[in-house]
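Let me begin by presenting the structure, written as structure tokens, before commenting on it.
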Amino acid sequence: MKYALIAFDLDGTALYSDKTIAARTLRALQAAHEAGALIVPATGRIYAGIPQALRLQPFARYAIVINGAKLYDAAEDQVLDRAEIPNALALEVLDYLDGLDAIYDCYKDDWGLVSQPFYDRAADFIRDKGILQLFYRTRRTVPSLRDYLRADGGSVQKLQLHFADDRAQRRELARLPELFPSLAVSTSVPGNIEMNIAAANKGDALLRLCQFLEIPQERTLAFGDGTNDSSMLRAAGLGVAMGNADFTVKAAADTVCDDNDHDGLAKFLERLLAET
């Protein structure tokens, strides 16, 4: 097969809007694997947040998770690389976030942490029901996230915000990179903002994984729909934006496929395999 590695986002890409993955998509990924490609989920989620139907597939050995904060080899239970936000910077960001009409949480040590008051108000800020259920399933509550991080002293994998007001979200998407230039600021679902250390982006993670596996960059194929996918679409040998992607994401891609609710990823792979 022309492509030795196929990386793909989950929400808005490989998953339907109801957060399930189609049997057709799994079959297409399996066929691509049998044709010689490594299959690599590349998501803002933690590894445990990848749907079990995909996570347990034998072909899904490697994963880019938390927007590139972690490269993981599931077969060996081995972390290949990490890129995290230093504790002092995370606390500085929280000082600013406390002035916003939003709730926030973080990923730390491969799990979510959130202040109890924010957990209790999550349904007022997270409009996507699938994301809300994922939030409840993958977060542990603490009385105060700020106090917890200060006492722990360790680094943070990702900070996340959730807004009820789209205008406020768009304002902060523009403002946060100016205030914290060492962070990569992106969005993946309506109403959210994700912050990683700048080195933790899907594009750089894809290149690091290629280097580790000795795969030429030009032999990679990537699919995505969110701004946290743009760097990966630019880095891949062929970047494919979903039909439902934002126009800025489509501009970062080489081509566009059908949307996630119409099996765009599966259709593209099926056509590719038919040409092989």
Side-chain angles (χ1 to χ4, degrees), residues 1-16 21-44 50-51 53-65 67-68 71-76 80-81 201-246 248-276:
M1 188 178 183
K2 179 179 180 180
Y3 297 103
L5 188 154
I6 299 172
F8 56 94
D9 176 51
L10 296 181
D11 298 290
T13 300
L15 304 184
Y16 288 147
I21 186 166
R24 181 177 183 178
T25 298
L26 290 175
R27 287 195 300 269
L29 292 170
Q30 176 66 42
H33 174 68
E34 291 172 357
L38 289 175
I39 306 302
V40 181
T43 177
I50 296 175
L54 174 61
R55 195 171 69 242
L56 297 183
Q57 294 295 323
F59 58 73
R61 172 175 179 174
Y62 298 101
I64 297 169
V65 295
N67 286 338
L71 292 179
Y72 183 57
D73 178 350
E76 298 293 333
L80 305 179
D81 194 22
N201 64 80
K202 294 185 183 182
D204 284 349
L206 176 63
L207 296 179
R208 293 196 300 270
L209 183 59
C210 285
Q211 184 177 22
F212 178 81
L213 298 173
E214 299 182 343
I215 292 174
Q217 178 182 354
E218 60 270 19
R219 294 197 64 201
T220 61
L221 169 64
F223 297 85
D225 75 297
T227 63
N228 62 334
D229 300 315
S230 294
S231 63
M232 180 172 68
L233 299 185
R234 287 191 294 264
L238 181 67
V240 183
M242 305 302 294
N244 50 287
D246 182 86
T248 61
V249 180
K250 292 178 179 177
D254 300 298
T255 189
V256 178
C257 68
D258 207 345
D259 65 67
N260 64 310
D261 284 324
H262 292 88
D263 301 316
L265 186 153
K267 291 176 182 176
F268 193 95
L269 288 180
E270 288 165 0
R271 289 195 299 270
L272 189 66
L273 289 164
E275 297 168 0
T276 300

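In what follows, residues are counted from 1 in the order of the sequence shown. Heavy-atom basis, side chains included; hydrogens, waters and symmetry copies ignored.
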Please name the pair of heavy atoms, one in [X] and one in [Y], separated by the smallest distance, quoted to 0.1 Å.
X: Ser231; Y: Gly203; value: OG-N, 2.9 Å
X: Val256; Y: Val240; value: C-CG1, 4.4 Å
X: Ala241; Y: Ala245; value: CB-CB, 4.2 Å
X: Arg24; Y: Ala266; value: CG-CB, 3.8 Å
X: Met242; Y: Leu265; value: CE-N, 3.8 Å
X: Met232; Y: Ala222; value: CG-CB, 3.7 Å

Do the non-hydrogen side-chain atoms of [X] and [Y] ever get within less than 4.5 Å of each other?
X: Arg219; Y: Leu5; value: no
X: Asp246; Y: Asp225; value: no
X: Asn67; Y: Asn201; value: no
X: Thr25; Y: Tyr16; value: no
X: Ile6; Y: Val40; value: no
X: Ile21; Y: Leu10; value: no
X: Pro41; Y: Leu54; value: yes
X: Asp9; Y: Lys202; value: yes

Kindly say whether [Y] contributes a backbone atom to a donor-acceptor pair with the side chain of [X] at under 3.5 angstrom?
X: Gln57; Y: Ala53; answer: yes
X: Gln217; Y: Ala235; answer: yes
X: Arg61; Y: Ile39; answer: no
X: Asn260; Y: Ala14; answer: no
X: Arg55; Y: Ile50; answer: yes
X: Lys267; Y: His262; answer: yes
X: Ser230; Y: Val249; answer: no
X: Asn244; Y: Gly12; answer: yes

Name the one of Phe8, Tyr3, Phe268 that satisfies ring-ring contact (aromatic ring centres under 6.0 Å, His included) with Phe223?
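It is Phe268; the other options fail the test.
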If I take atom [atom1] from residue [X] and atom [atom2] from residue [Y], how far apart are they, to the nearest 0.5 angstrom?
X: Thr220; Y: Leu206; atom1: OG1; atom2: CG; value: 5.0 Å
X: Leu272; Y: Cys257; atom1: CG; atom2: SG; value: 12.0 Å
X: Leu269; Y: Arg27; atom1: CG; atom2: CZ; value: 13.0 Å
X: Tyr62; Y: Leu71; atom1: OH; atom2: CG; value: 11.0 Å
X: Asp81; Y: Asp73; atom1: CG; atom2: CG; value: 13.0 Å

By side-chain hydrogen bond (donor to acceptor under 3.5 Å, both in side chains) - contacts of Lys2 (at least two apart)
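For Lys2 there are no side-chain hydrogen bond (donor to acceptor under 3.5 Å, both in side chains) partners, ignoring immediate neighbours.
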Is the count of non-hydrogen atoms from other residues, nucleotides or ligands lying under 6.0 Å from Gln211 atom CD greater than 12?
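Count not over threshold, so no.
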Assign the ring pair His33 / Phe59 to parallel, tilted or perpendicular, where the plane angle (0 to 90°) is split at 30° and 60°.
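His33 and Phe59: tilted rings.
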